[in-house]
There are 4 protein chains.
Amino acid sequence: MKVIADICIVPIGVGVSLGSYIAVCEKILRDAGLKIHLHGYGTNVEGEWDVVMQAFKDCHARLHDMGVPRITSTLRFGTRIDRDQTIEDKIRSVEAKL
Amino acid sequence: MKVIADICIVPIGVGVSLGSYIAVCEKILRDAGLKIHLHGYGTNVEGEWDVVMQAFKDCHARLHDMGVPRITSTLRFGTRIDRDQTIEDKIRSVEAKL
Amino acid sequence: MKVIADICIVPIGVGVSLGSYIAVCEKILRDAGLKIHLHGYGTNVEGEWDVVMQAFKDCHARLHDMGVPRITSTLRFGTRIDRDQTIEDKIRSVEAKL
Amino acid sequence: MKVIADICIVPIGVGVSLGSYIAVCEKILRDAGLKIHLHGYGTNVEGEWDVVMQAFKDCHARLHDMGVPRITSTLRFGTRIDRDQTIEDKIRSVEAKL
């Protein structure tokens with residue numbers, strides 16, 4: 001099952017500057033072979049469900065290993081069986097109507 | 001790794017009445033042995049990360065098997081290593097200060 | 001326009017214990033005359049769109065006044081024009097099918 | 001109060017192809033003078049809190065006017081008082097550490 005997800009990971013208890021933690025997660029997602037797109041409030045991720053989920057779990061585990069005491073993440077998870085669709089397809093389907 | 005999650009599953013392409021689909025997911029989560037609490041805009045879930053994730057995947061798979069063409073879910077996922085905490089603990093920590 | 005919302009407010013930069021900040025927000029939402037239901041990962045809110053939005057804005061403003069340097073909130077916002085529905089209706093529509 | 005938000009609007013009860021509805025919302029957000037960035041699972045929005053909120057409300061109202069019976073939206077809402085930050089700043093703060 002393929003999924004297009006949007007992942008926003010928020011480390012808690014390590015101050016207000018979170019960029020270095022997010023960068024660690026970006027590398028984990030990228031090194032998992034996933035197609036990713038970093039935006040201003042999260043990261044689009046496209047890939048097989050199990051690969052996405054394992055990489056997301058690795059993000060939480062790695063941040064805790066780095067000493068982050070608490071993490072709250074928000075995700076959007078989209079699957080469809082009517083047709084195959086990529087992140088670019090989704091963006092184009094909107095832009096074509098603008 | 002234990003997680004407290006909040007899961008909101010939205011079937012798309014099957015009209016506006018979604019309660020029967022949500023009920024199917026509630027049963028999947030419950031039958032997975034997870035502690036769950038249904039509220040007005042999702043379901044709190046507490047359990048081991050892998051069990052929660054497998055049950056959530058089963059929800060998507062089952063709804064697609066039922067003919068739902070498209071699903072978009074939103075999740076909150078919280079982990080912490082500083083102390084053990086339950087759903088009830090979280091609610092009590094707020095109510096104690098009201 | 002009536003809305004059923006789910007609001008999860010996360011103060012950043014004030015450590016890992018957030019219950020007292022959430023309690024402040026609960027009081028703001030309640031004092032706005034909104035119907036609310038605190039659960040393990042947020043708060044269901046039911047009311048008129050503008051009242052909900054003003055109360056949510058007051059939460060951010062109040063927490064910043066209390067010294068919280070950064071806040072990230074996640075919300076679900078549901079509206080419908082096909083029929084009137086309450087938080088209890090939504091829960092019952094699922095439970096009736098369990 | 002300035003906010004950086006991420007908005008994902010999901011029309012329910014109008015089938016599985018949602019691009020034309022999202023395009024309507026993009027135009028509303030853009031015409032409100034907001035800085036926006038469409039991505040694969042939502043839209044980053046940067047601007048004054050009240051302007052963002054009014055435009056978001058206009059999106060729900062317009063879609064209902066177009067006949068959409070039910071809408072569920074998910075939002076992330078970030079404010080900070082420690083320093084001024086743009087969408088581009090947020091992305092750069094991560095990319096600089098990759």
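Everything quoted here is computed from the prediction, not taken from an experiment.
Contacts of Cys25(C) with chain B are absent, with no heavy-atom separation under 4.5 Å from either backbone or side chain. Interface remark: His39(B) contributes backbone and side-chain atoms alike to the contact with chain C (heavy atom separation under 4.5 Å). With a 4.5 angstrom heavy-atom cutoff, Asp82(B) touches chain C only via side-chain atoms.
Among residues 86-98 of chain C, the residues having any heavy atom closer than 4.5 Å to a heavy atom of chain B are, in sequence order, Ile87(C), Lys90(C), Ile91(C), Ser93(C), Val94(C), Glu95(C), Lys97(C), Leu98(C).
Remark: the backbone N or O of Thr74(B) is paired with a side-chain donor or acceptor of Arg76(C) at under 3.5 angstrom.
Here the OG1-OH distance, from Thr43(C) to Tyr41(B), works out to 14.5 Å after rounding to the nearest 0.5 Å.
Note: Ile4(C) leads Ile4(C), Leu18(C), Val24(C) in heavy-atom pairs under 4.5 Å with chain B.
Counting heavy atoms of neighbouring residues, nucleotides and ligands inside a 6.0 Å radius, atom CZ of Arg30(C) exceeds 12 of them.
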